[in-house]
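Report on the structure given below.
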Amino acid sequence: MTATTQPTSSEVVTVPFITGDGIGLDITPVMCEVVDAALEACYGGRRRIAWLEVLAGERAYDATGSWLPEETLEACRAHRVAIKGPLTTPVGGGFRSVNVALRLALDLYACVRPVRWFEGVRSPLLDPSTVDMVVFRENTEDVYAGIEWPAGSPEAKKLCAFLIDEMGVTSIRFPQTSAFGIKPMSQQGSERLIRAALRYASDTGRASVTLVHKGNIQKYTEGAFRQWGYDLAAREFPDVQVKDVIADAFLQASLRHPGDFSVIAAPNLNGDYISDHLAAMVGGIGIAPGANINYETDHAVFEATHGTAPRHAGLGEANPSSLLLSAAMMLEHLGWTQAADAVTRGLATCLRLGLVTYDLAADPSAALSTSGFGQAVIEHMATQE
Ligand code: NAD
């Protein structure tokens, strides 16, 4: 660590954290411990996080009767940066998804998912070392807006009649039994997401931004996303190379030639598929980090990208890597780059040496526990820079 990067006075940042459900209870305490160790190693107590536990998901419901208490949203708004473990999706009633509700409530329009390969992690690719992408997925529009009606409902019948009688639609194959969903996609919503991707590419010297869309079929939504992207780039980021590819072609091309892609900007549904597809190429969702960010308000929630894995909950065996790498993204976001690098370096070293949890272990009997892996990460952080 160089003298110029030392903080001049003590900095303490309050970070609300949601432990999460299921394996959240196993991985979140380990994440806090590793982050604290990285801060101590890099800044010797001059930069610290004051962890503030807030509730969401099943634990919140059991304690308060609400899946997403207002106090949790308030804490995330007030402190701007938060981190969360995985949350159970309520079945039947309540929120469609607590994660989606949190993103919508804070207008966290960009879901940012870096995808890179770590040496030592098994991959289905012949050469995973060329995978180095960052996905910017739009988080607030598209079919995730939840505007849909079940087949046979009065609303579906009303909409169907409107489409046929007043809009002249003739292509509803089975009107009596059709459910309907609406896909809103706006210029503002698309532009702010694509702008974030372009700015990231420009700031980090990335080779290109690829717009991934289904504009060949959905001309006025996804096709517009593509055109708005090109127009925006020409106006605001003329030096960034922009290209586009149809979503299905992207799935093949990214597998065969991953080195051709760098920053990806995609509407919500494409981005959802793509994020997990790319994660699978480099070891799966157990090690894929993610963040949900609004670059105007500066609100950000960093998160494990996997679910609650109920079968493994409470066994102390889950892999905390996704949450640890998300915490590294959070430290980077706070400008505490050395601590971010320390976490990533410690984790990368463990993966390279085969010090891993059950899901990545070649020999399951030699797998580390969740906390054992956390300790190994701490031991392999280089303390001097
Ligand atoms: P999941 O990601 O919880 O688990 C699928 C499988 O992946 C698990 O059985 C396990 O084998 C493996 N796995 C996942 N994370 C792992 C880790 N950290 N370490 C080791 N192995 C891991 O997906 P699911 O079973 O479809 O969903 C379970 C619950 O989680 C549901 O309620 C779902 O809605 C919720 N969920 C939440 C989020 C989130 O909070 N971001 C994301 C996805 C699913």
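The structure displayed is predicted, hence computed values, not measured ones. All ligand and atom numbering here is 1-based and tracks the order in the structure.
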task: Mind checking whether Asn319 contacts ligand 1 via backbone (N, CA, C, O), side chain (CB onward), both or neither, at a 4.0 Å heavy-atom cut-off?
output: both

message: Whether the Tyr358 and Asn319 side chains hold a donor-acceptor pair (N or O, under 3.5 Å, no angle test) is what I'd like checked.
response: no

field: Shortest non-hydrogen contact between Leu211 and Gly229, atoms and distance
entry: CD1-CA, 4.0 Å

query: Are any of the N or O atoms of Gly85 closer than 3.5 Å to those of ligand 1?
result: no

query: Which pair of heavy atoms, one from Ser178 and one from Phe180, lies closest together, and at what distance?
result: O-CE1, 3.5 Å

message: Which residue and atom name correspond to the protein heavy atom nearest atom 35 (C) of ligand 1, and how close is it?
response: Leu87 O, 3.5 Å

task: Determine whether Val13 and Ile293 fall in the same hydrophobic cluster, where Ile, Leu, Val, Met, Phe, Trp and Tyr are linked whenever their side-chain heavy atoms lie under 4.5 Å apart.
output: yes

task: Consider only side-chain N and O atoms of Asp244 and His213, and report whether a donor and an acceptor are under 3.5 Å apart.
output: yes

field: Identified side-chain contact (heavy atoms from CB on, under 4.5 Å) partner of Thr210 from the options Met133, Lys243, Gln241
entry: Lys243

- prompt: Nearest protein heavy atom to atom 41 (N) of ligand 1, by residue and atom, and its distance?
  reply: Asn99 ND2, 3.4 Å

Residue among Asn292, Asn294, Leu108, Leu104 satisfying side-chain contact (heavy atoms from CB on, under 4.5 Å) with Thr140: Leu104

- request: State whether any protein heavy atom lies less than 4.0 Å from atom 27 (O) of ligand 1.
  value: no

message: Quick check: Gly307 and ligand 1, any N/O pair under 3.5 Å apart?
response: yes

- prompt: Any idea which protein heavy atom is nearest atom 11 (O) of ligand 1, and the distance to it?
  reply: His312 NE2, 3.4 Å

query: Do other residues, nucleotides or ligands put more than 12 heavy atoms under 6.0 Å from the OH atom of Tyr295?
result: yes

query: Are any non-hydrogen protein atoms located under 4.0 Å from atom 5 (C) of ligand 1?
result: no

task: Between Asp359 and ligand 1, find which residue part has any heavy-atom pair under 4.0 Å and reply side chain, backbone, both or neither.
output: side chain

task: Would you mind listing which atoms of ligand 1 come within a distance below 4.0 Å of any non-hydrogen atom of Pro86?
output: 40 (O)

- prompt: In the protein, which heavy atom is nearest to atom 20 (C) of ligand 1, and how far is it?
  reply: Tyr358 OH, 3.2 Å

- request: Verify the neighbour count for atom CD of Gln176: are there more than 12 heavy atoms of other residues, nucleotides or ligands below 6.0 Å?
  value: no

message: If only side-chain N and O atoms count, and only distance matters, is there a donor-acceptor pair under 3.5 Å linking Trp51 with Asp36?
response: yes

message: As a test of the contact definition, would atom 24 (P) of ligand 1 count as having a protein heavy-atom neighbour under 4.0 Å?
response: no

query: Nearest protein heavy atom to atom 29 (C) of ligand 1, by residue and atom, and its distance?
result: Thr308 OG1, 3.1 Å

- line: of all protein heavy atoms, closest to atom 32 (O) of ligand 1 is Thr89 N, 3.2 Å

message: If you count every heavy atom of other residues, nucleotides or ligands that lies below 6.0 Å from Tyr61 atom OH, does the total exceed 12?
response: no

- prompt: For atom 16 (C) of ligand 1, which protein heavy atom lies nearest, and how many Å away is it?
  reply: Ile23 CD1, 3.9 Å

query: Do the ring planes of Phe261 and Phe250 sit parallel (below 30°), tilted (30 to 60°) or perpendicular (above 60°)?
result: perpendicular

- prompt: Does atom 2 (O) of ligand 1 have a protein heavy-atom neighbour under 4.0 Å away?
  reply: yes

task: If you have a sec, work out which protein heavy atom is nearest atom 7 (O) of ligand 1 and how many Å separate them, to one decimal?
output: Ile285 CD1, 4.8 Å

message: What I want to know is whether Thr305 and ligand 1 share at least one N or O pair that is separated by under 3.5 angstrom.
response: no

query: Among Arg311, Glu317, Lys84, His306, whose heavy atom sits nearest atom 14 (C) of ligand 1?
result: His306

- prompt: Is it the side chain, the backbone, both or neither of Ile27 that has a heavy atom closer than 4.0 Å to ligand 1?
  reply: neither

